[in-house]
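First the structure, in the form of structure tokens, and then the observations on it.
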Number of protein chains: 2
Amino acid sequence: MPNDVGHEIADALGTLLRRSTRERIYRRLTEGLGEAVDEVTYPVLSGLARTGPRSAAGLADEIGLDRSGVTRRATRLEQAGLLRREPDPADRRATLLALTEAGRAAIETTRQRLATHIEDSLASWPPGEAQTFARQLRRFVDHGPFTA
Amino acid sequence: MPNDVGHEIADALGTLLRRSTRERIYRRLTEGLGEAVDEVTYPVLSGLARTGPRSAAGLADEIGLDRSGVTRRATRLEQAGLLRREPDPADRRATLLALTEAGRAAIETTRQRLATHIEDSLASWPPGEAQTFARQLRRFVDHGPFTA
DNA sequence: GCATATTGCGTGCGTCGCGCACGCTAGTGT
DNA sequence: ACACTAGCGTGCGCGACGCACGCAATATGC
């Protein structure tokens with residue numbers, strides 16, 4: 001059965017995906033950050049946190065969305081004070097989307113919560129295995145089936 | 001920095017989730033299976049494949065959806081011949097959702113495609129590491145942060 | 001044994017997010 | 001100077017969703 005490993009990983013990924021798209025997860029991670037931060041607007045925040053201030057078009061391309069969607073989500077976040085539109089000094093028709101201090105704080109909070117949650121649930125693993133798993137997972141993500 | 005591993009895994013999972021929800025992935029996996037199989041109806045098919053014939057309510061609960069959504073998706077799949085509604089012999093008000101032979105074949109095709117795709121992209125890994133990664137991933141999914 | 005509550009399903013309705021297409025403004029090229 | 005392109009935001013129609021309702025079948029109370 002040459003495809004054993006593939007099926008094993010595929011099944012595990014399947015349940016992982018299913019579970020992680022549950023709304024509850026987002027709720028717990030974004031609790032208390034204001035109702036503007038939800039599973040819809042989150043990718044905009046986290047995208048900006050990853051790449052820094054950026055045009056709507058570039059961000060749309062990265063998070064796999066239409067430009068109009070980014071515009072609308074950005075507007076919501078802007079009204080909530082988590083995001084700021086600033087004119088691109090190099091191109092006056094462009095507007096850069098940038099996180100405000102509150103936006104960065106919100107992202108950092110969720111990041112910290114998630115990391116802590118993961119660490120807690122891995123506390124019972126044999127020492128060292130969590131590290132090797134993290135390394136392999138990173139490699140799997142970077143050079144694996146979903147690289148493109 | 002005690003949260004290093006947590007952050008490492010969290011970031012990897014983040015990009016993994018982002019990439020795997022890209023529409024292209026579904027397109028490639030479900031290519032040629034008819035337009036009734038898409039990222040909307042897929043969870044219904046795969047849920048039934050996992051658990052066998054089942055009530056709409058139970059399935060809705062598992063895939064994290066309202067009953068009405070399952071009803072509508074099931075109707076689409078039923079019209080495409082991938083799913084069958086059969087009366088529950090034990091409870092005459094209930095209707096069980098069950099895969100037809102075509103439905104099972106469709107799921108099996110995507111499963112096989114995904115497994116092959118994963119195997120291919122892991123071909124360059126050192127021998128044995130794919131196996132250990134698969135085992136650890138399974139454990140991560142079963143006893144990890146998203147178990148509940 | 002019959003009335004009532006409960007369970008299970010499907011459907012109408014309002015809402016929301018999406019992609020598409022258009023208009024407007026600002027650069028770019030000849 | 002003038003067409004042409006690039007970048008944004010908005011109106012529009014579409015599709016999926018959750019909620020609430022109605023109907024049928026079953027469980028429950030007396």
Side-chain angles (χ1 to χ4, degrees), chain A residues 18 21-27 30 34-48 51-80 83-98, chain B residues 18 21-27 30 34-48 51-80 83-98:
Chain A
R18 214 176 322 127
T21 49
R22 292 289 229 264
E23 197 183 339
R24 298 192 288 274
I25 309 287
Y26 267 98
R27 294 286 274 261
T30 62
E35 59 181 15
V37 182
D38 57 6
E39 63 269 29
V40 175
T41 54
Y42 188 82
V44 171
L45 288 179
S46 99
L48 288 180
T51 68
R54 193 160 188 187
S55 79
L59 192 54
D61 188 53
E62 184 188 339
I63 66 182
L65 204 67
D66 190 81
R67 250 188 328 99
S68 63
V70 174
T71 292
R72 285 183 284 254
R73 299 182 186 199
T75 304
R76 286 229 316 255
L77 291 170
E78 188 181 24
Q79 291 169 346
L83 181 146
R84 190 178 50 235
R85 288 182 214 257
E86 49 191 34
D88 187 340
D91 188 341
R92 288 201 334 197
R93 64 198 156 160
T95 45
L96 294 179
L97 306 178
Chain B
R18 214 178 320 130
T21 48
R22 291 288 229 264
E23 196 184 340
R24 297 192 288 274
I25 309 287
Y26 267 99
R27 295 285 273 264
T30 62
E35 58 181 16
V37 183
D38 57 7
E39 64 269 29
V40 175
T41 54
Y42 187 81
V44 171
L45 287 179
S46 97
L48 288 180
T51 67
R54 192 159 189 188
S55 79
L59 192 54
D61 187 52
E62 184 187 342
I63 67 182
L65 203 66
D66 190 82
R67 249 190 328 101
S68 63
V70 174
T71 292
R72 285 185 283 255
R73 298 182 186 199
T75 304
R76 287 230 313 257
L77 290 169
E78 186 181 27
Q79 290 169 347
L83 181 145
R84 190 178 51 236
R85 288 181 213 255
E86 50 191 34
D88 186 340
D91 188 341
R92 287 198 337 191
R93 64 197 155 162
T95 48
L96 294 179
L97 307 178

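Throughout, protein chains are lettered first and strands after them, A, B, ... in sequence-line order, and every chain is numbered starting at 1. Bear in mind the structure is a predicted one, so any value in this text is a computation, not a measurement.
As a whole-Å value, the separation of B:Glu78 CD from C:dC9 P is 13 Å. Atom P of nucleotide C:dG10 and atom CG of B:Leu83 are separated by 10 Å, given to the nearest angstrom. Rounded to an integer number of Å, the gap from A:Glu35 CD to C:dC16 P is 11 Å. Distance A:Asp61 CG to D:dG7 C1': 14 Å, rounded to the nearest Å. Nucleotide D:dG15 holds its P atom 14 Å from the CD atom of B:Glu23, rounded to whole Å.
Within residues 84-92 of chain B, the residues that place at least one heavy atom under 4.0 Å from DNA chain D are, in residue-number order, B:Asp91, B:Arg92.
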Are there any protein N/O atoms within less than 3.5 Å of an N/O atom in nucleotides 19-22 of chain C, and if so, which ones and at what distance?
residue : atom : partner : partner atom : Å
C:dG19  : OP2  : A:Asp66 : N            : 2.8
C:dG19  : N7   : A:Ser68 : OG           : 3.3
C:dG19  : N7   : A:Arg72 : NH2          : 3.2
C:dG19  : O6   : A:Arg72 : NH1          : 3.2
C:dG19  : O6   : A:Arg72 : NH2          : 3.3
C:dC20  : N4   : A:Ser68 : OG           : 3.1

Distances under 3.5 Å only, N/O to N/O: pair up the protein atoms with those of nucleotides 4-6 of chain C.
none

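Annotation: B:Glu86, atom CD; neighbour count of heavy atoms from other residues, nucleotides and ligands within 6.0 Å is above 12. For A:Arg85, the CZ atom is densely surrounded, since the number of other residues' heavy atoms within 6.0 Å is greater than 12.
Of the candidates B:Leu48, B:Leu83, B:Leu97, B:Leu77 forms a side-chain contact (heavy atoms from CB on, under 4.5 Å) with just one, namely B:Leu83.
Between atom OG of residue B:Ser55 and atom CZ of residue B:Arg93 there is a gap of 11.0 Å, rounded to the nearest 0.5 Å. B:Thr95 contributes atom OG1, which lies 14.0 Å from atom CZ of B:Arg54 (distance to the nearest 0.5 angstrom). How far CD1 of B:Ile63 is from OG of B:Ser46: 8.0 Å, rounded to the nearest 0.5 Å. Here the OG1-CD distance, from A:Thr21 to A:Glu39, works out to 10.0 Å after rounding to the nearest 0.5 Å. Distance check: A:Glu35 CD to A:Arg76 CZ gives 9.0 Å after rounding to the nearest 0.5 Å. To the nearest 0.5 angstrom, B:Thr30 atom OG1 is 11.0 Å from B:Ile25 atom CD1.
Checking D:dC8, C:dG17, C:dG10 against every side-chain atom of A:Ala56, the shortest atom distance belongs to D:dC8.
Residues A:Arg67 and A:Thr71 bring no donor and acceptor atom of their side chains to less than 3.5 Å of each other.
A donor-acceptor pair is defined here as one N or O able to donate and one able to accept, closer than 3.5 Å; such a pair exists between the side chain of B:Thr41 and the backbone of B:Ala36.
Of the residues near DNA chain D, A:Thr75 and B:Val40, the one whose nearest nucleotide (by heavy atom distance) lies more toward the 5' end is A:Thr75.
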